[in-house]
Amino acid sequence: MDELGDADSLGPEAAGAGAAEAKNADAGTADAEAVDRVRAALADAVRRLEEAEARDEALAVLVPRRRRFGIPREPVLRPTGRVWRLGVLLLARDGTLHATGQLVRATPPGRTQYVSVSAETRRAYRAAAERGHFRDGETVDFDAPEIELTVEGLRATTGPLLLRDGQALVRWSAASEQTVGFHDYLAERVDLLAHPPQGA
C-alpha cells in the first residue's frame, strides 16, 4: 500500500484529532494576540494618565504583627509603589496591573472604642498606615494581588481580568460572572480619572 493509502486508512478519528489540534492552535494564537493588545492598551493608559497628571494612590503590603529579636512589632502597611485606581483594577507606571483589594485613608486611628468589629478593623488599618509613614489623608491600597499578564494566567484566573475565546474581559466582582470588554472598560475608567467631573 502506498503512502496515500496509509493516510486514508487513518480514518475520521485522525482527521478529527488534526482538526482539534488546529483549532487549539488558533485559539492559542488569538489569546496571545489578546494579551499583546492588553499590554499595549495599558502602556497607552499610563501615557494618558501621566500626561493628565491624574491623581494616583499609594500601594502597600500589610505586614502582620510579629516578633523581631524578641520585640513585638505591630502590623504595618509597608509602601511598595504608586498606582492609579481604575475601578476593579490598579495600574502602576511600569504597566503592572493589580486587582483592587482593600483601601484605607491614612488618618489618625483614634482610640479603641469597641463600637463594632468592622469599626475596630478600620481603626487597626489606619494605625498600620500611620506606622507606614503615609502622609495624612493619603489613600492606601493593599491586599491587591498582581495580575499575571500571560495567556496561561488570564485563562485560569478568578480575578477581575480574564481571557475568554480570544477576548480580554473584566469581571465586575469575584462573586459575579458578569463581564464587560476590557478595552471599553479601561478607556472609560482612564478618561474618568484623567478628566474627573467638576467637583469630584
Side-chain angles (χ1 to χ4, degrees), residues 34-64 75-107 118 121-122 124-164 167-197 200:
V35 172
D36 288 342
R37 290 194 295 271
V38 166
R39 291 180 180 275
L42 293 175
D44 183 65
V46 168
R47 179 188 59 78
R48 290 183 58 198
L49 291 167
E50 286 184 330
E51 288 179 352
E53 298 182 351
R55 181 177 62 86
D56 62 3
E57 299 174 353
L59 182 66
V61 59
L62 180 63
V63 179
V76 59
L77 280 166
R78 181 177 295 163
T80 58
R82 308 288 301 180
V83 289
W84 291 288
R85 181 150 44 99
L86 304 170
V88 298
L89 304 171
L90 300 174
L91 176 61
R93 281 174 168 76
D94 63 358
T96 302
L97 203 62
H98 295 259
T100 297
Q102 300 192 65
L103 61 87
V104 65
R105 187 82 65 182
T107 57
S118 61
T121 298
R122 290 193 297 272
Y125 287 151
R126 291 196 301 272
E130 185 176 60
R131 295 185 197 103
H133 304 293
F134 293 97
R135 68 175 182 267
D136 190 44
E138 176 82 270
T139 298
V140 183
D141 294 278
F142 64 102
D143 191 20
E146 183 177 341
I147 296 173
E148 183 182 344
L149 297 177
T150 65
V151 170
E152 294 77 12
L154 295 181
R155 280 176 175 173
T157 186
T158 58
L161 180 61
L162 65 145
L163 277 178
R164 185 179 296 161
Q167 296 295 319
L169 303 170
V170 173
R171 183 184 284 120
W172 288 108
S173 72
S176 173
E177 286 302 314
Q178 185 177 0
T179 58
V180 64
F182 164 77
H183 295 281
D184 289 343
Y185 182 89
L186 181 68
E188 180 180 337
R189 291 290 175 167
V190 168
D191 187 64
L192 188 62
L193 192 57
H195 308 288

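Quick caveat: nothing in here was measured; it's all calculated off a predicted structure.
Ser118 meets the side chain to side chain donor-acceptor pair (under 3.5 Å) test with Ser116; sequence neighbours excluded. Qualifying side chain to side chain donor-acceptor pair (under 3.5 Å) partners for Asp36, counting only residues two or more places apart in sequence or in other chains: none. When the side chain to side chain contact (heavy atoms under 4.5 Å, CB included) test is applied to Val35, the partners found at least two apart in sequence or on another chain are Arg39, Val151, Leu154, Leu163. Remark: Thr100 pairs with Arg85, Leu90 by the side chain to side chain contact (heavy atoms under 4.5 Å, CB included) rule, at least two apart or across chains. Glu53 pairs by the salt bridge (Lys or Arg N to Asp or Glu O under 4.0 Å) definition with nothing, not counting sequence neighbours. A search for side chain to side chain contact (heavy atoms under 4.5 Å, CB included) contacts involving Glu51 returns Arg47, not counting sequence neighbours. Residues that satisfy the side chain to side chain donor-acceptor pair (under 3.5 Å) test with Thr96, not counting sequence neighbours, are Asp94. For Arg105, the salt bridge (Lys or Arg N to Asp or Glu O under 4.0 Å) criterion is met by no residue, not counting sequence neighbours. In this view, Glu148 and Thr150 satisfy the side chain to side chain donor-acceptor pair (under 3.5 Å) rule, not counting sequence neighbours. Glu50 is linked by a salt bridge (Lys or Arg N to Asp or Glu O under 4.0 Å) to Arg93, counting only residues two or more places apart in sequence or in another chain.
The CZ atom of Phe142 lies 11.0 Å from the CG atom of Leu59; values are rounded to the nearest 0.5 Å. Separation of atoms CG (Asp143) and CG (Leu62) is listed at 8.0 Å; rounding is to 0.5 Å. Note that CG of Leu89 is 11.0 Å distant from NE2 of His98, once rounded to the nearest 0.5 Å. Between the CG atom in Leu162 and the OG1 atom in Thr157 there is a gap of 7.5 Å [rounded to 0.5 Å]. Here CD of Glu138 is found 14.0 Å from CD of Glu130. Values are rounded to the nearest 0.5 Å.
Shortest non-hydrogen contact noted between Phe134 and Leu77 is CE1-O, 3.2 Å. Considering all non-hydrogen atoms of both residues, Ala168 and Leu161 come closest at CB-CD1, 4.5 Å. Looking at every heavy atom in both residues, Val140 comes nearest to Ala60 through CG1-CB, 3.7 Å. Pro79 and Gly132 get closest at one heavy-atom pair: CG-O, 3.8 Å. What you find for Pro75 and Arg131 is that their closest heavy atoms are O-NH1, 2.5 Å. Arg171 and Glu177 make their closest contact through NE-OE2, 4.0 Å (heavy atoms, listed as atom of the first residue, atom of the second, distance).
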Distance-only check: which donor-acceptor pairs under 3.5 Å involve side-chain atoms of residues 187-196, not counting sequence neighbours?
none

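Val88 is not listed as a side-chain neighbour of Trp172, based on a closest heavy-atom distance of 4.5 Å or more.
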Given side-chain contact (heavy atoms from CB on, under 4.5 Å), test Asp136 with Thr107 step by step and report yes or no. CA-CA 5 Å; Asp136 190 44; Thr107 57; 4.3 Å; yes

Apply side-chain contact (heavy atoms from CB on, under 4.5 Å) to the pair Leu91 and Leu42, showing each step before the final yes or no. CA-CA 8 Å; Leu91 176 61; Leu42 293 175; 4.0 Å; yes

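A distance-only check finds a donor-acceptor pair linking the side chain of Trp84 to the backbone of Ala54 [under 3.5 Å].
The ring pair (Phe, Tyr, Trp, His ring centres under 6.0 Å) analysis of residues 44-64, with sequence neighbours excluded, yields no pairs.
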